[in-house]
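All remarks here apply to the structure that follows.
Numbering starts at 1 and runs along the sequence shown.
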Amino acid sequence: MSVPFLNEAEALHDELVAIRRDLHMHPELGFQEFRTAKIVAAKLDELGYEVQTGVGQTGVVGILQGDLPGERTVLLRFDMDALPIDEANDVPYRSQTPGVMHACGHDAHVAVGIGVATLFARHRDQLPGTIKLMFQPAEEGLGGAVAMIDDGLLESPVPDIALGLHVSSGHPLGTAVVRDGALMAASDPLRIIVHGKGGHGAQPHQTVDAVLVGAQIVVALQTIVARNLNPEETGVVTIGAFQAGEAGNVIAESAELRGTIRSFNPAIRELLHRRVREVAEGIAQTLGATADVQIRFGVDATVNAPAPTAVTYQSAAAVLGEEKINTTFRTTGGEDFSAVLAKVPGCYFFLGSSSNEATSFPHHNPRFDVDEACLPQGVAILCDTALRCLNGEG
C-alpha cells in the first residue's frame, strides 16, 4: 500500500499552522494544559478515535483500530506544555499569557499530532493494527511521561513500537536527525548545601566561610569531567545557581549550589554522581565545613532502538532526501520520553525547523520560533514510519 502522506500533509498546512498559532497564543504550563487537552480530545473524538482524558493528570490518549487485520500497536507521542518565559517576539500569534510561552516548540508538536491523527483517520481502512496517540503534559522537568505511564498508558493495548519527534532550531528546515542509540542525555538535578559558621566580616578567623567553601567546590567540580572521565566519554557537571549571604560585611553561615549532571552512559552517570559527592564533601571537610549533597535521578538517557530507528531513517529520507538526514548528532539535553523508550523499543528524532534568523534562536529563549513549513514534514515522516511499523518493519 502506498499512501501519499507528504502531499496530504502539505494540504493540511494551513490547518496545522492555525492550530499551532492558537496554541502558541494560549500556552499552558505543565499539568495545567486544560485548554490544550480539551482541544486535542475534541479533535480526536471528531476523527473517530477512542479518547481517554486525564491520563497523567492532563494527558490525552487517542486509540484508532485499523480496519485491516494486524497485531501491532504503534505509539506516537506529542508533548503539550509551555515554559515560564515571557515572550519577546513581536508576531501576530504572540503569547497572550504573561510570563508563559511555547519556547520549546511543543505547540508545533501538538499540531503535528493532530495532523497525524487526521491522516490516519482518513486512511483507517488501509491500516493494519492499532495507532495509539500520546498527548503528554509536563515534559519540562515535571515527569509527565512517567505520570501517564503510571496511569496505564502502556496498557490496553500494549505498544510494540514508540515514536516521537522534536522540532529543532539548531537544524535547518528540511533536515532531520535520526540516530541509533543514545540521542539525548540522562539529566540529574544537583543541590549542595554548604554548612559553615557565620560571623562578622571583620573577624573571618572566627568563622567558616560558606561562600569561600562553595566557591572552591564550584571550581573543583569542573575537574571531574576534565580529569576523571575517559576523553572518549561525555559528561557535564554544571552549577547554575549559587546563593549565599545577604550583607557585604557578614560572612555567610550557609550556601546553596544548584546544578545539573548530564551523561549518556550509565557507568559514567554513576561515576559523576560519586565524584560530585566525594569532591563536595571532601573540600567542605578540608575547610572546616560540611556539605549536604543531594543528587536526584531526573530523566534517563533517550536511547533509540536499532530496528525502529532504521525504519524512521527510511521514512525521513523518503520525505526529505537521504542527504538531509544527520545520523551522528546527539545532545546532552534531556527528554522524558526516555521513560517510554526504556519500556518500548522505538525512535525519537529531531526535525529541523530553522530557516532564518527569526527561527534560529535556541530553545527556551524568549525569541524562540519555528518555520511552520516543518509541520507537514513531521506529519509525513511519522505517518510513514508508523505505517511501515504496522506492516511489520522495525
**Message:** What's the separation between atom CG in D79 and atom SG in C104, rounded to the nearest 0.5 Å?
**Reply:** 7.5 Å
**Shortest non-hydrogen contact from L320 toward A176** = CD1-CB, 3.8 Å
**Prompt:** Would R269 and D188 pass as an ion pair if we require N to O under 4.0 Å?
**Reply:** yes
**Prompt:** Nearest 0.5 Å, what's the CD1-CZ distance between I325 and F349?
**Reply:** 9.0 Å
**Prompt:** Which atom pair, heavy atoms only, marks the closest approach of F31 to G144?
**Reply:** CZ-CA, 4.1 Å
**Item:** Side-chain donor or acceptor of N304 paired with backbone N/O of R179 under 3.5 Å
**Value:** yes
**Item:** Donor + acceptor pair across side chains of N326, H171 (<3.5 Å)
**Value:** no
**Request:** Check whether the side chains of S187 and R262 place a donor and an acceptor atom closer than 3.5 Å, and report yes or no.
**Result:** yes
**Asked** Is it true that R72 and D160 have a side-chain N and a carboxylate O under 4.0 angstrom from each other?
**Response** no
**Request:** Supply the atom-to-atom distance L64 CG to T73 OG1, rounded to the nearest 0.5 angstrom.
**Result:** 11.0 Å
**Linked hydrophobic residues, V158 as query - side chain contacts closer than 4.5 Å** = none
**Prompt:** How far does CG of L12 sit from CG of L375, to the nearest 0.5 angstrom?
**Reply:** 10.5 Å
**Request:** Report the relative orientation of the aromatic rings in F297 and H273; use parallel for angles under 30°, tilted for 30 to 60°, perpendicular for over 60°.
**Result:** tilted
**Message:** Could you list the cluster mates of Y93? Members are the ILVMFWY residues connected by side-chain heavy atoms closer than 4.5 Å, either directly or through other members.
**Reply:** M25, V91
**Prompt:** Hey, does the side chain of R277 reach the backbone of V293 with a donor-acceptor pair shorter than 3.5 angstrom?
**Reply:** yes
**Prompt:** With the threshold set at 4.0 Å, does a side-chain nitrogen-carboxylate oxygen contact exist between K43 and E15?
**Reply:** yes
**Message:** What's the separation between atom CG in L153 and atom NZ in K343, rounded to the nearest 0.5 Å?
**Reply:** 11.0 Å
**Prompt:** Can you tell me if N391 and E393 form a side-chain donor-acceptor pair at under 3.5 Å?
**Reply:** no
**Request:** Could you verify whether a donor N or O on one side chain and an acceptor N or O on the other, from S354 and S360, lie under 3.5 Å apart?
**Result:** yes
**Asked** E87 and N89: side-chain donor and acceptor closer than 3.5 Å?
**Response** yes
**Request:** Examine the side chains of T302 and E335 and answer whether a donor and an acceptor come within less than 3.5 Å of each other.
**Result:** no
**Request:** List the atom of G196, the atom of A289, and the distance in Å for their closest heavy-atom pair.
**Result:** CA-CB, 4.3 Å
**Prompt:** So, is the end of the R330 side chain (NZ or CZ) under 6.0 Å from the ring centre of F264 and within 45° of the ring's axis?
**Reply:** yes
**Request:** With salt bridge (Lys or Arg N to Asp or Glu O under 4.0 Å) as the test, would you mind laying out the steps for R35 and E33 before giving the verdict?
**Result:** CA-CA 6 Å; R35 180 182 183 273; E33 305 94 340; over 6 Å; no
**Asked** Going by atom types only, do Q32 and D81 share a side-chain donor-acceptor pair under 3.5 Å?
**Response** no
**Message:** Please determine whether a side-chain nitrogen of the Lys or Arg among E372 and R21 lies less than 4.0 Å from a carboxylate oxygen of the Asp or Glu.
**Reply:** yes
**Asked** What's the shortest heavy-atom distance between V74 and C389, and which atoms?
**Response** CG2-CB, 3.8 Å
**Fill in**
When rounded to the nearest 0.5 Å, the distance separating NE2 of H109 from CG of L382 is 10.0 Å
**Charged N-O contact under 4.0 Å between R77 and D336** = yes
**Asked** Aromatic rings H166 and H106: how do their planes relate, parallel, tilted or perpendicular, breaks at 30° and 60°?
**Response** perpendicular
**Asked** Between Q126 and H123, do the side chains contain an N or O donor and an N or O acceptor separated by less than 3.5 Å?
**Response** yes
**Message:** Whether the S315 and D384 side chains hold a donor-acceptor pair (N or O, under 3.5 Å, no angle test) is what I'd like checked.
**Reply:** yes
**Item:** Hydrophobic cluster partners of L29 (side-chain heavy atoms under 4.5 Å)
**Value:** V100
